[in-house]
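These notes concern the structure reproduced below.
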Amino acid sequence: MENRSLVSLVDYTKEKLVYLLQMAAEFERQPNRHLLDGKIVATLFFEPSTRTRLSFETAANRLGAKVIGFSDPKVTSSTKGETLKDTIMMVSNYADIIVMRHYLEGAARYASEIAPVPILNAGDGANQHPSQTMLDLYSIYKTQGTLENLDIYLVGDLKYGRTVHSLLTAMRHFNPTFHFIAPDELAMPEVWKSYCRDNNIRYVEHKEFDEDVIAGADILYMTRVQRERFTDLMEYERVKDRYLLKLPMLAKAKPNMRILHPLPRVNEIDYAIDETPYAYFFQQAKNGLYAREALICDALGITLDEIKA
Amino acid sequence: MKPKELQVAAIENGTVIDHIPSEKLFDVVRLLHLEQMPHSITVGYNLKSQKMGRKSIIKIAGKFFSDSELNTLAVAVPNCSLVIIRDYSVVEKKKVTLPDTLIDTIHCPNPKCITNNEPMRTRFHVLNPALGIVRCDYCNRETTLAEVTVK
C-alpha cells in the first residue's frame with residue numbers, strides 16, 4: 001500500500017499544496033461531515049502540546065471519527081522503557097491513523113517507515129511541524145486571496161523558530177519576497193539564507209522594526225523572542241523590547257496586511273492590536289482545524305471530490 | 001641495493017587495505033566487521049610510510065569484498081588503497097568512492113535525533129561527496145564526515 005503519511009511538506013508539489021488548501025476551504029464551508037464514521041484516530045503526544053492536540057482531536061471529532069490516545073507520555077509504557085517502534089506497532093492494531101507529536105527529531109519519519117497505518121506528524125522536536133505550516137499557508141491564502149508575489153515579514157526568533165523555516169520552504173513555489181527582522185543572536189541562519197538563494201527566493205534583512213518597515217508588509221509573521229535562547233542575557237535585555245509590535249507601528253500598514261503568530265503569545269503583540277482588523281492570529285488558529293481536517297482526510301485517501309460529493 | 005623488506009607478510013589470495021591513517025585502523029575494522037570474520041587477518045599498526053609518516057595496513061586472506069562493502073570505507077578513510085591479490089600477485093587496485101546513501105555506517109551527531117534514541121539503523125544521504133557533506137534522513141541535520149563517528 002502506498003504510504004500516505006505526512007512527515008514534512010518539503011517534498012510536496014505546488015499542486016498538492018493548492019489541492020490541500022482547496023480541501024481546507026471546503027471544510028471551512030462545512031466543518032461537520034461524517035467522512036470518518038467508524039474510523040479511529042489515535043493522538044499520541046509524547047510531548048505535551050495542548051493547542052495542537054485539541055485542534056487535531058476536534059478535527060477528528062468533526063469528521064465523525066472516534067479518538068484514542070494520550071496527551072502525556074508519563075502515563076504510557078515509554079516511561080517503562082518501551083521503544084517508539086513498539087508503541088507505534090501496538091497502537092497501529094487499534095487505530096486507522098496516528099497523529100504523533102514527539103520530542104525527538106526524525107521520530108515521525110521513523111514511525112512512518114514502520115507503521116502499517118498513516119502517520120501525521122504533529123511536530124517532531126525542532127524538525128518539522130507540517131500541520132502548522134499548512135494552517136499558515138491557508139491563513140495567508142484566505143487573507144490575501146492568493147499565495148503569489150507576497151511580501152512576508154518574519155519577526156523575532158528566526159534562528160530556532162521551526163515555523164518560519166517551514167514557511168520558507170512551503171512558500172518557495174509562490175514567488176514571495178521574505179523580510180527578516182531579528183536580533184543578531186536569533187538571526188536567520190546562513191543555511192536558510194543559502195536555501196533562499198538556491199531556490200530563487202528573494203529576501204531582505206532589516207535592522208529596524210518600525211512603521212516604515214512594516215508599511216511594505218502583506219503578512220507580518222510574529223514569533224516569540226525567548227529569554228532561554230540567549231547565551232548573553234545582557235544582549236537579551238538590550239533587544240527584548242525592540243521586537244514588540246505596538247499599535248502606533250501600524251500607522252502606515254497596507255489595508256490588506258495581516259498579523260500572524262503561531263501562538264502562544266507572551267507580550268510580543270500589544271493587546272491593543274487585537275481590536276484592529278490587522279490582528280489575525282486567533283482566526284489563524286481556527287484555520288488549523290480546517291487544515292487538519294484536510295490533512296487527516298488526505299492521509300486516509302479521501303479525495304476533494306469525495307468531500308464535495 | 002638492499003632488497004625491499006615487507007613489514008607485513010604477503011598473502012596468497014585476498015584483499016589488502018593500505019594507507020590507512022593509523023588512528024583510523026579500528027574504524028576500518030568496524031566498518032568491514034572484521035572482528036566477526038573467520039579469515040586470517042594480518043594487521044600492521046603505526047608502520048613507517050614515506051607518503052604518510054605513519055600508517056596502518058590490513059591484509060585479509062581469502063576474502064574478496066563487494067564494492068558496496070568497500071565503499072563504506074569512504075566515510076573514514078577516503079584515501080586508502082585497496083589491492084586485490086591472487087596467487088601472490090596484484091590483480092586489481094581500487095579506490096573507494098562515497099555511495100549516495102550510507103546505511104547504518106555512521107552515527108548522527110545530533111543527540112536529539114531519533115536514531116540515537118531507538119534501536120534502529122541510521123541512514124544518511126550524501127549531498128556533496130567531494131566535501132563529505134551528508135544529511136541525516138531522519139532529523140535532516142547536515143554534517144561533514146569529519147564530525148561523525150563510525151557505528
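First the proteins, then the strands, lettered A, B, ... as listed; each starts at 1. In what follows, every heavy atom counts, from backbone to side chain, and hydrogens, waters and symmetry copies are set aside.
- Atom CG of Asp86(A) and atom CD of Glu118(B) lie 8.0 Å apart (nearest 0.5 Å).
- By number of non-hydrogen pairs under 4.5 angstrom with chain A, the leading residue of Arg141(B), Glu142(B), Lys112(B), Arg123(B) is Lys112(B).
- Heavy-atom contacts from other residues, nucleotides or ligands closer than 6.0 Å to NZ of Lys193(A) number more than 12.
- Atom CG of Asp72(A) is surrounded by more than 12 heavy atoms from other residues, nucleotides or ligands within 6.0 Å.
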(message) Would Ile114(A) and Met120(B) count as a side chain to side chain contact (heavy atoms under 4.5 Å, CB included) here? Give the steps.
(response) CA-CA 11 Å; Ile114(A) 55 173; Met120(B) 62 182 286; over 6 Å; no

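- Ionic pairing of Glu113(A) and Arg121(B) is not present here: no N-O contact between side-chain nitrogen and carboxylate oxygen is shorter than 4.0 angstrom.
- Within a 6.0 Å sphere centred on CZ of Phe26(B), heavy atoms belonging to other residues, nucleotides or ligands number 12 at most.
- Around CZ of Arg54(B), the count of heavy atoms belonging to other residues, nucleotides or ligands within 6.0 Å exceeds 12.
- Counting heavy atoms of neighbouring residues, nucleotides and ligands inside a 6.0 Å radius, atom NZ of Lys16(A) exceeds 12 of them.
- Rounding to the nearest 0.5 Å places CG of Asn127(A) at 9.0 Å from CG of Asn110(B).
- Note: Tyr110(A) OH to Asn117(B) CG = 11.5 Å, rounded to the nearest 0.5 Å.
- Residue Glu105(A) forms a side-chain contact (heavy atoms from CB on, under 4.5 Å) with just one option from Cys136(B), Cys108(B), Cys139(B), Pro111(B), and that option is Cys139(B).
- Between chain B and the residues Arg109(A), His102(A), Lys85(A), the largest count of heavy-atom pairs under 4.5 Å involves Arg109(A).
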